[in-house]
Amino acid sequence: MVEPSDFEPTGPRREFIALIRIDGQREKAQPLRLMGTSAPEARALAIEQYGEGHVISVWNEEDARRPR
């Protein structure tokens, strides 16, 4: 399992938005706000908080608005 402590700070902490769908629940995906230096670190924070085995989608609004 990837832990948030596995990530070395490589830049400023940024806000990431996540949606998590908890296995076994009929409810819609729950939105989360996480602070991390990267999307993988933010995902690891969500897993640390909610455990493994859930569907998690993580993104950063600033990154999403940049042209590719």
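We use all heavy atoms of the structure for the numbers below, so side chains are in, but hydrogens, waters and symmetry mates are not.
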message = On a heavy-atom basis, which atom in Trp59 and which in Glu61 lie closest, and how many Å separate them?
response = NE1-OE2, 2.9 Å
Separation between CZ of Arg26 and CZ of Arg21, rounded to the nearest 0.5 Å = 10.0 Å
ask   = CZ of Phe16 to CD of Glu41: how many Å apart, nearest 0.5 Å?
value = 8.0 Å
ask   = Leu34, Leu19: one ILVMFWY side-chain cluster at the under-4.5 Å cut-off?
value = no
key: Residue pair Leu32 / Ala46: nearest heavy atoms and the distance that separates them   = CD1-CB, 4.2 Å
Close side-chain approach of Ile56 and Tyr50, heavy atoms under 4.5 Å = no
query = By side chain to side chain donor-acceptor pair (under 3.5 Å), which residues pair with Gln30, not counting sequence neighbours?
reply = none
message = A side-chain contact here means heavy atoms from C-beta on lying under 4.5 Å apart; do Gln49 and Ile20 qualify?
response = no
ask   = Considering all heavy atoms of both residues, which atom of Arg33 and which atom of Glu15 are nearest to each other, and what is their separation?
value = NH1-OE2, 3.2 Å
inquiry  = Looking at Arg13 and Met35, would you say the former's side chain and the latter's main chain have a donor-acceptor pair under 3.5 Å?
reply    = yes
ask   = Which heavy atom of Ile22 sits nearest a heavy atom of His54, and at what distance?
value = CA-ND1, 3.5 Å
ask   = Which pair of heavy atoms, one from Ala39 and one from Val58, lies closest together, and at what distance?
value = O-CG1, 4.0 Å
inquiry  = Tell me whether Asn60 contacts the main-chain N or O of Ile17 through its side chain, where contact means a donor paired with an acceptor under 3.5 Å.
reply    = no
